[in-house]
Amino acid sequence: MVSYPPTLAAALGGVTLHQLKYWRAQPKPILRPERSGRPVRYSFRDLLAIRTFGALRTEVSMQKIRKAVENLHKIEDVEHLSNYKLVTDGTTIMWIAADDAVDLLKRPGQHVLAVMRDVLDTFESRTGQRVVPLLRPARGVVVDAEILSGFPVVEGTRIPYDTIAGLVSDHVPPESIRYFYPSVSDLGISGAVALDDYVSGYNSQAA
């Protein structure tokens, strides 16, 4: 199964590497990677949960998020957190289930009205950085849960973006890349490089 290194999970999730490490290290981890062992790698489902926390963190404290997750466990027999849509109005956190919303903080378990926020779309992280849209993180690059377990690929292919970005960083010219990978367009090449630059730039600024 293809998985995400922490640098990519942080950049696409809108959090920092420090936050990911802290979340793993707690006595009761708020998010433990599905894949155990070293090096640490995250699944696509992990990434969806990370991105939800990243979006929530722009409006509420991590303490509130942790409390909301604890209350969710009390209310529901929780599977993976990626299965749950959590939203906030800035004061409380709600669990969206079908067309219903359940308060997880102010009045845990009570049904309330809520406006859904699309965490797959772009948002500004807690550190003020723009987090790219998850399903299309760069022009020519897409994320599809059905392709390579959700790892970013060049659009129209199953080729990981970092394979192409790595060739460019090794000074392989575009015509040679297209020779070895005929399905990769110029837009796919530039998109792979753009996403690679975004991931490295995001983590250096968030450090």
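Note that the structure is a prediction, hence the values are computed from the model and not measured.
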* Connected via hydrophobic side-chain network under 4.5 Å: V184 and V143 -> no
* Would you check if the side chain of T122 reaches a backbone N or O of V131 as a donor-acceptor pair within less than 3.5 Å? => yes
* What is the minimum heavy-atom distance between V153 and T157, and which atoms define it? -> CG2-O, 3.6 Å
* Just by modelled atom types, is the A194 backbone N or O under 3.5 Å from a matching donor or acceptor in the D197 side chain? -> no
* Can you tell if the side chain of L81 reaches within under 4.5 Å of the side chain of L72, non-hydrogen atoms only? -> yes
* To do: Using the side chain to side chain contact (heavy atoms under 4.5 Å, CB included) rule, take I189 and Y161 through it: C-alpha gap first, then chi angles, then the decisive distance, then the call.
  => CA-CA 8 Å; I189 294 173; Y161 86 96; over 6 Å; no
* Mind jotting down which residue pairs meet the side chain to side chain donor-acceptor pair (under 3.5 Å) criterion with at least one end in residues 175-195? Sequence neighbours excluded, please. => R178-D186
* To do: Look at the side-chain heavy atoms of Ile, Leu, Val, Met, Phe, Trp and Tyr, link any pair under 4.5 Å apart, and say whether I147 and Y42 land in one connected group.
  => yes
* Asked: Around atom CZ of R32, are there more than 12 heavy atoms of other residues, nucleotides or ligands at under 6.0 Å?
  -> no
* Asked: For V141 and R136, what are the C-alpha separation, side-chain angles and deciding distance, and is it a side chain to side chain contact (heavy atoms under 4.5 Å, CB included)?
  -> CA-CA 6 Å; V141 177; R136 188 174 289 272; over 6 Å; no
* Under 4.5 Å between any side-chain heavy atoms of P5 and R41, yes or no? -> yes
* State the CD1-OG distance between I164 and S169, to the nearest 0.5 angstrom. => 11.0 Å
* Asked: Does some side-chain heavy atom of P152 sit less than 4.5 Å from a side-chain heavy atom of V142?
  -> no
* Contact summary for V15 and G54, nearest pair of heavy atoms -> CG1-CA, 3.7 Å
* Asked: At their closest point, which heavy atom of R35 faces which heavy atom of S3, and how far apart are they?
  -> CD-OG, 4.1 Å
* Structure fact -> CZ of R45 to CD1 of I50, rounded to nearest 0.5 Å, is 13.0 Å
* Which of parallel (below 30°), tilted (30 to 60°) and perpendicular (above 60°) describes H18 and Y22? -> parallel
* **Heavy-atom closest pair, residues R51 and V132** => NH2-O, 2.8 Å
* Asked: Does W23 belong to the same Ile/Leu/Val/Met/Phe/Trp/Tyr cluster as L8, with side-chain heavy atoms less than 4.5 Å apart forming each link?
  -> yes
* Structure fact -> Smallest heavy-atom separation, G13 atom then L47 atom, equals N-CD1, 4.0 Å
* Asked: With H73, which residues qualify under side-chain contact (heavy atoms from CB on, under 4.5 Å), at least two apart?
  -> V69, V78
* Without hydrogens or angle criteria, can the side chains of R130 and Y198 be said to hold a donor-acceptor pair below 3.5 Å? -> no
* If you measure from OG1 on T16 to CG on N203, what distance do you get to the nearest 0.5 Å? -> 9.0 Å
* Answer yes or no: is there a donor N or O on one side and an acceptor on the other, between the side chain of D89 and the main chain of T91, under 3.5 Å? => yes
* Test S82 against every option in E79, K85, H80 by the side-chain hydrogen bond (donor to acceptor under 3.5 Å, both in side chains) rule and name the one that passes. => H80
* Asked: Is I30 reachable from L56 through a run of I, L, V, M, F, W or Y residues, each pair having side-chain heavy atoms under 4.5 Å apart?
  -> yes
* To do: Please check if the side chain of S200 supplies one atom and the backbone of D196 the other of a donor-acceptor pair under 3.5 Å.
  => yes
* To do: Decide yes or no for R24 and V40: does some side-chain heavy atom of the first lie under 4.5 Å from some side-chain heavy atom of the second?
  => yes
* Structure fact -> Taken to the nearest 0.5 Å, the spacing of F53 CZ from R66 CZ works out to 9.0 Å
* **Interatomic spacing from OG in S149 to CZ in F151 - rounded to 0.5 Å** => 10.5 Å
* Go through the steps for V87 and I93 under the test side chain to side chain contact (heavy atoms under 4.5 Å, CB included), then give the verdict. => CA-CA 6 Å; V87 299; I93 295 175; over 6 Å; no
* **Residue pair L86 / I96, side-chain heavy-atom distance below 4.5 Å** => no
* Residues E155, R139: salt bridge by 4.0 Å N-O rule -> no
* Has R107 got more than 12 heavy atoms of other residues, nucleotides or ligands less than 6.0 Å from its CZ? -> yes
* Is there a donor-acceptor pair under 3.5 Å between the side chain of D103 and the backbone N or O of K106? -> yes
* With hydrophobic residues grouped by side-chain heavy-atom distances under 4.5 Å, do V2 and L134 end up in a single group? -> yes
* Using modelled atom types only, decide if a donor and an acceptor are shared between the side chain of E124 and the backbone of Q129 within a distance under 3.5 Å. => no
* Asked: Hey, are the side chains of L120 and L48 touching, using non-hydrogen atoms and a 4.5 Å cut-off?
  -> yes
* Is there a side chain to side chain contact (heavy atoms under 4.5 Å, CB included) between K67 and L105 once you walk through the steps? -> CA-CA 7 Å; K67 186 63 177 178; L105 277 183; 3.8 Å; yes
* Structure fact -> Between D144 and E146 the two heavy atoms that sit nearest each other are OD1-N, 2.8 Å
* To do: Not counting sequence neighbours, which residues clear salt bridge (charged side-chain N to carboxylate O under 4.0 Å, His left out) with E76? List them please.
  => none
* Can you find a pair of side-chain heavy atoms, one from T52 and one from Y84, that are under 4.5 Å apart? -> no
* **Under 3.5 Å: donor-acceptor pair, side chain of N71, backbone of L104** => yes
* Atom CD in Q63, atom CD1 in I65: separation rounded to 0.5 Å? -> 11.0 Å
